[in-house]
Structures are given as C-alpha cells and as structure tokens.
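Atoms considered below: every heavy atom in the structure, side chains included; atoms not considered: hydrogens, waters and symmetry mates.
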Amino acid sequence: MKRVSLLAAFCLTLVAFSANAGQVRIGYSCSNFNDIFQIYIVDAAREAAAEAGNVVLDVMDAQEDVIRQQDQVNTMIQKGIDVLVVVPVDTSAVQGIEAAAKAANLPLIYVNRNPYPAENAPEGVYFIGANSILEGETQMEYAGKLMNGEGNIVILMGILSNEASMNRTQGVHNVIKAKYPNIKVLAEETGSWQQDQGMTVMENWITAYGDQINGVLSNNDNMVLGAVNALESAGMNDKVITIGVDATVDALQAILAGRMTATVLQDPVAQGKGAVEMSVKLMNGEKLPAITKLPAQLITNENAQAQLDKSK
C-alpha cells in the first residue's frame, strides 16, 4: 500500500508539472492604481495574458511607495515568477529591484517609466513605453503654432522623481529654446499626476498670473483636466490652450466637447500588451532590444473621435 501511495503521489506531481510546462508566470508591480492611465496599461496586460492562455499574471499596487514596491518585488520572486514587470515608483531608485531580479536570474521589464532614457539598460533589463521627450516636444510644437509664437505658458508636472515628468517638461523647453523664444514659462509645478492637485495648482496660478496665462501644458491628462475645471470656474477656459498627455477617455471626451485643446497619445494597450508579449518571447529564448520606445501622436478635435472609438 505504501508503494502504491508513493506511486500515486509521483504521478500527481508529474501531472502538476506537466500542467505548468510552458506556462509563463509574470509578476507585475504597478506604481499606483490611483493613476487612471496605469489602470489602462494593467487592463491591457491582463487581456493579453488571458488571450495567450499560458500566462499567469500577478499584479500588485505599490501606491507610489518605493519601499512597498521593493517588498512586492521580493514577494513575487519568492512565489516563483519567471519574469518581473515593473512600473517604477521612482526611476532613480531602481537599484534594489534590479539586484533582486539579477539574484533570481529573472528578466526585468520596465513599463511606462524608463530609468534608462539614454538607452543604456543593464543586461537582462528591458523597457517598453513612450518617448517622453518627444511627447513634450509634440505638445509645445502645437501650442507654439496656436499661440503664433508669443505668450506665456505654465507647466503641470507629474511626480518629480519620475522620468516622464522630467523629460516631458524638458521636451517643452527644447522646443521653446529652438523655435519659440518669445514664449515664456511663467511657472512649473508638480500636480503629482492627480486631477485634484492639478486643479489646486491651477487655481493658485490663476490668482498669481490671471489673464497673463495663454497656455497650460501638462505632463498628463489627469492634471490638465483639473486645470480645465479651475479655468472654467474662473471664466478663462475659452482663452487658454490646454494640452495633456495620454489620450485618456475623459480627455478625448473633453476635447470633443471643446473643453480641452489637445493631448498626445501614449498608447496603454501597446505598453501593457507589449510587456506580456515580451515576457513570453524572452521565455522562448528570443533576443529583444533593450529599449522599445513607442511613437507620439498629437490628438486634436480632428482625430479625437477616431481615437475614442479605438478606446472603447
């Protein structure tokens, strides 16, 4: 009887091993579920994992806390994941994440927030996301044309430790320096990616600068929608250009309603789905480029409806 029990246990183990053969287990640490754009990316990753059939996706929310994210990474590695996917809370503080992935011999894929904008990622580390500098440049190119090269803008920045905040803002300054020397930046301040904080900062700017403000360029749509609310309350929205980044559904609807000027598409589906597809390819032994940057596309009232239809 003991031999039969041992044999049965062996067979059950073999069946369990066979069931997991070819399965790709991804641990995904998201920076913050309170950021609507991050939810879009996660939803796309979940959909891609379900379509793949052989992918198990474990998603955790770091709540913009570096220590919490490191703990999540350690926990997922202990669970036995095959690939680590991270939207970093702080792109300047990823050393612990990379050390943990390297010690476990795991590929590490950064999504959306790029710690290596100069494209010098360490071996075994990858990135898929937008070209943040190009997004800022795209914003300012359009704003400069609408302003006929003259006037004043304010810049709503995301969390200052994030690469996207710094580089989107740098992109705006690049275009001003190269093409629009008569456009002045009155102020730039963080709204921490949040709509309510974007509204508060904008209210303060309205008090400080009033009708000197000709344009609001924001590192994301959430914050600029808050700015739009503040401008509407002050009766200024029809006089001020408002441009964001992301092309969220709310932003697209605001553009179509004439409440917001434009946004720059940052494709969440390409990022979330791409991270899952990259994970599977890496597990299949394929060679991939370290850095995958997605194109930036200006969205105005001319193409907002088409983009909104794609988002549904």
Side-chain angles (χ1 to χ4, degrees), residues 36-37 39-41 43-44 112 129-156 158 164 167-176 178-180 182-183 185 191 193 195 198-199 202 213-232 235-274 293-312:
I36 186 64
F37 190 77
I39 296 299
Y40 290 166
I41 297 174
D43 285 348
N112 186 244
N131 185 331
S132 298
I133 290 178
L134 181 58
E135 289 171 331
E137 290 175 344
T138 302
Q139 286 183 306
M140 193 60 228
E141 289 278 1
Y142 190 56
K145 289 177 183 177
L146 294 179
M147 295 167 64
N148 295 316
E150 295 184 352
N152 305 305
I153 66 167
V154 290
I155 304 174
L156 277 166
N167 282 335
R168 287 173 190 164
T169 303
Q170 184 60 52
V172 172
H173 284 285
N174 288 350
V175 174
I176 291 175
K179 297 184 67 173
Y180 299 116
N182 293 326
I183 292 180
V185 178
W193 302 119
Q195 184 167 328
M199 182 173 178
M202 192 69 232
I213 302 170
N214 305 116
V216 181
L217 272 60
S218 173
N219 289 167
N220 80 340
D221 287 339
N222 250 5
M223 294 185 294
V224 81
L225 286 169
V228 165
N229 291 337
L231 288 164
E232 286 177 336
M236 295 173 58
N237 198 42
D238 59 342
K239 304 171 186 175
V240 179
I241 294 163
T242 49
I243 306 177
V245 175
D246 286 342
T248 63
V249 169
D250 287 347
L252 295 171
Q253 291 173 337
I255 291 169
L256 290 170
R259 300 179 59 236
M260 181 172 152
T261 307
T263 186
V264 178
L265 174 64
Q266 185 192 185
D267 193 339
V269 175
Q271 295 182 58
K273 182 178 180 181
K293 289 185 179 180
L294 304 171
Q297 180 185 358
L298 180 69
I299 305 294
T300 68
N301 59 355
E302 294 181 357
N303 56 352
Q305 186 61 58
Q307 184 58 41
L308 184 61
D309 292 342
K310 292 179 184 178
S311 302
K312 292 179 180 178

Asn303 side chain vs Leu298 backbone, donor-acceptor pair below 3.5 Å: yes

Within-4.5 Å side-chain heavy-atom neighbours: Ile36 and Asp246: no

Pair Gln266-Asn220, side-chain donor/acceptor within less than 3.5 Å: no

Nearest-0.5 Å distance, CD of residue Gln139 to OG1 of residue Thr261: 11.0 Å

Any side-chain heavy atom of Asp221 within less than 4.5 Å of one from Asp250? no

Give the minimum heavy-atom separation between Ala296 and Glu135, together with the two atoms involved. CB-CG, 4.1 Å

Quick one: pull up CG in Asn182 and CD in Glu150 and give me the separation to the nearest 0.5 Å. 5.5 Å

Let me confirm one number: the CG-CG distance from Leu134 to Leu294, rounded to the nearest 0.5 Å. 11.0 Å

Could you grab the distance from atom CG of Asn131 to atom NZ of Lys293, nearest 0.5 Å is fine? 4.5 Å

Look at the side chain of Asn301 and the backbone N and O of Ile255, then say whether any donor-acceptor pair between them is shorter than 3.5 Å. no

Smallest heavy-atom separation, Pro268 atom then Ala44 atom, equals O-CB, 3.9 Å

Tell me if a side-chain donor or acceptor on Arg168 pairs with a main-chain N or O of Asn219 at a distance below 3.5 Å. yes

Would a 4.5 Å heavy-atom cut-off, applied to side chains only, mark Val249 and Tyr40 as touching? yes

Minimum side-chain heavy-atom gap Met140-Asn174 below 4.5 Å: no

Could you report the tightest heavy-atom contact between Met202 and Ile213, atom names first, then the distance? CE-CD1, 3.7 Å

What pair of heavy atoms forms the shortest contact from Ile183 to Gly144, and how long is it? CD1-CA, 3.9 Å

Could you tell me whether a side-chain N or O of Gln170 sits under 3.5 Å from a main-chain N or O of Ile133, the two making a donor and an acceptor? no

To the nearest 0.5 Å, atom CD of Gln305 lies from atom CG of Leu252 at 9.0 Å

Flag side-chain contact, heavy atom, 4.5 Å: Ile241 against Asn214: no

Any side-chain heavy-atom pair from Gln307 and Thr263 closer than 4.5 angstrom? no

Tightest non-hydrogen contact, residues Met199 and Ala230, listed as O-CB, 3.8 Å

Side-chain donor or acceptor of Glu141 paired with backbone N/O of Val175 under 3.5 Å: no

Residues Gln271 and Asp267: side-chain donor-acceptor under 3.5 angstrom: no

Would a 4.5 Å heavy-atom cut-off, applied to side chains only, mark Val224 and Ile243 as touching? no

Leu256 CG to Leu308 CG distance, which is reported to the nearest 0.5 Å: 6.5 Å

Do side-chain atoms of Asn222 reach the backbone of Trp193 as a donor and acceptor pair under 3.5 angstrom? yes

I'd like to know if the side chain of Asn167 reaches the main chain of Ser132, judged simply by a donor and an acceptor atom lying under 3.5 Å from each other, with no hydrogens or angles considered. no

For Leu225 against Ala251, the heavy-atom pair lying closest together: CD1-N, 4.1 Å

Side chains of Leu231 and Arg259, heavy atoms from C-beta outward: is any pair under 4.5 Å? no

